[in-house]
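Only one structure is covered here, and it is reproduced in the block below.
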Protein chains: 2
Amino acid sequence: MNKKNKSLSKNQKLVLDFIQGNKKPVKAYSILSNVQKKGINAPPQVYRALDKLIEMGKIHKIESQNSFVACSTSDCETPHAIAFSICNNCDEVSEINDSKLFKYLLDFRDSNGVKFAGYNLEFFGICKSCEQIQKV
Amino acid sequence: MNKKNKSLSKNQKLVLDFIQGNKKPVKAYSILSNVQKKGINAPPQVYRALDKLIEMGKIHKIESQNSFVACSTSDCETPHAIAFSICNNCDEVSEINDSKLFKYLLDFRDSNGVKFAGYNLEFFGICKSCEQIQKV
DNA sequence: AGCATAGTGTTATATTATAACATAAAATAT
DNA sequence: ATATTTTATGTTATAATATAACACTATGCT
Ligand SMILES: [Zn+2]
Ligand SMILES: [Zn+2]
Ligand SMILES: [Zn+2]
Ligand SMILES: [Zn+2]
């Protein structure tokens with residue numbers, strides 16, 4: 001069976017549900033405190049679920065924020081080749097889905113000619129709605 | 001005076017010296033323990049110096065590793081538009097200096113037409129020397 | 001049934017980073 | 001040259017993020 005279709009364990013479901021219920025990325029300990037009523041008690045249970053969900057491409061980690069966000073393209077084909085835009089004003093994060101960009105980066109070779117297996121790209125700027133507000 | 005040429009404070013010099021003395025990225029608490037004989041006592045002193053050095057473009061933070069590395073192009077013009085290659089085998093990190101890539105990314109616009117002020121890009125793969133070793 | 005793999009629950013602890021406050025040094029302006 | 005502002009320092013305590021280690025349970029496979 002395809003890794004993508006593997007069914008989720010109880011803790012994995014709980015954690016994924018919470019992450020998917022949030023528009024913005026969430027922190028591990030925020031996840032923990034929100035799933036405690038549902039039977040998850042301690043950090044390792046959350047971090048284990050996070051690790052697996054990342055492997056499956058269901059969620060991504062925003063490295064610059066130590067936070068976690070649901071994959072917006074259902075399950076990323078390549079969980080280690082991802083790009084985000086991050087608003088410096090409101091911390092909103094959105095996943096960039098641009099095949100031209102993906103191809104450019106996956107084809108990129110460094111000065112030694114090394115081609116990479118994956119990448120993590122985080123763009124920073126002001127999101128459209130924050131821009132609007134500032135103009136007013 | 002240009003921000004780039006601002007002279008460094010005592011703690012900033014100590015921290016920068018240590019980072020520049022290492023080929024691989026170093027962790028904040030490793031910096032701390034190595035500069036303690038030289039008069040820095042506590043984490044905030046290290047983190048403050050790190051913050052300033054990042055602002056100045058003298059060092060960069062490797063977000064996926066919570067580690068810090070000296071800028072390899074002396075002082076980055078744009079400390080918030082940086083790219084690295086990271087070896088999944090030996091954790092070696094090297095700064096990518098590719099003007100075509102930089103231009104591509106700084107000119108990139110998302111699906112809303114938003115152009116970004118900066119980015120952080122981390123490529124993952126196997127470095128050339130690790131590749132060699134595996135072949136033998 | 002027997003075995004291997006993956007998931008759980010738990011305690012303790014390691015690692016990374018910041019808050020808060022008092023003081024000192026430096027740069028800038030009058 | 002001195003008052004003012006800005007930047008840096010030193011210190012203690014604590015917050016926030018993440019993992020080690022170990023005992024146990026559930027699931028899937030042969
Ligand atoms: Zn995705
Ligand atoms: Zn915004
Ligand atoms: Zn640089
Ligand atoms: Zn390597």
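Numbers restart at 1 for each chain; the letters A, B, ... are given by sequence-line order, proteins then strands.
Ring stacking holds between Tyr29(A) and dT17(D), with the centres under 5.5 Å apart and the planes within 30 degrees of each other.
Heavy-atom contacts from other residues, nucleotides or ligands closer than 6.0 Å to NZ of Lys128(B) number 12 or fewer.
dT7(D) atom C1' lies 14 Å from atom NZ of Lys13(B), rounded to whole Å. Atom P of nucleotide dG10(D) and atom CD of Gln36(B) are separated by 13 Å, given to the nearest angstrom. The separation between Gln12(B) atom CD and dA26(C) atom P is 13 Å, rounded to whole Å. Here the C1' atom of nucleotide dG7(C) and the CG atom of Leu50(A) are 15 Å apart, to the nearest Å. Rounding to whole angstrom units, NZ of residue Lys27(A) and C1' of dT16(C) are separated by 12 Å. In this entry the distance linking CG of Leu32(B) with P of dT18(C) reads 15 Å, nearest Å. One atom, CZ of Arg48(B), and another, C1' of dT6(D), lie 15 Å apart when rounded to the nearest Å. Whole-Å rounding puts the Ile31(B) CD1 to dT15(C) P distance at 15 Å.
At least one donor-acceptor pair closer than 3.5 Å links the side chain of Glu95(B) to the backbone N or O of Ser72(B).
Distances shown here put a side-chain N or O of Lys61(B) below 4.0 Å from the OP1 or OP2 atom of dA17(C). Considering only side-chain N and O atoms, Asn66(A) lies under 4.0 angstrom from the phosphate OP1 or OP2 of dA18(D). Taking 4.0 angstrom as the limit, Tyr47(A) places none of its side-chain polar atoms (N or O) nearer than this to OP1 or OP2 of dT19(D). In terms of phosphate contacts, Gln45(B) brings a side-chain nitrogen or oxygen within less than 4.0 Å of OP1 or OP2 of dG10(D). Checking the phosphate oxygens (OP1, OP2) of dA6(C), no side-chain nitrogen or oxygen of Lys10(A) falls inside 4.0 Å. A close approach under 4.0 Å does not occur between any side-chain nitrogen or oxygen of Asn41(A) and OP1 or OP2 of dG9(C). In this model, the phosphate group of dT7(D) is not approached by any side-chain N or O of Lys52(B) to a distance below 4.0 Å at OP1 or OP2. An OP1 or OP2 oxygen of dT9(D) is reached within less than 4.0 angstrom by a side-chain nitrogen or oxygen of Ser9(B). Using a 4.0 Å cut-off, some side-chain N or O of Asn11(B) falls inside it from OP1 or OP2 of dT9(D).
Annotation for Val114(B) and Ile126(A): closest pair CG1-O, 3.8 Å, computed over non-hydrogen atoms.
Of the two residues near DNA chain D, Asp51(A) and Gly39(B), the one whose nearest nucleotide lies more 5' is Gly39(B). Nearest-nucleotide positions on DNA chain C for Ala49(A) and Ala42(A) put Ala49(A) closer to the 5' end.
Ring planes of Phe102(B) and Tyr119(B): tilted class, angle from 30 to 60°.
For Pro44(B), taking side-chain heavy atoms from C-beta onward, the closest of the listed nucleotides dT12(D), dT17(D), dT9(D) is dT12(D).
To the nearest 0.5 angstrom, Glu92(B) atom CD is 7.5 Å from Ser85(B) atom OG. The structure places SG of Cys90(A) at 5.0 Å from NZ of Lys24(A), a figure rounded to the nearest 0.5 Å.
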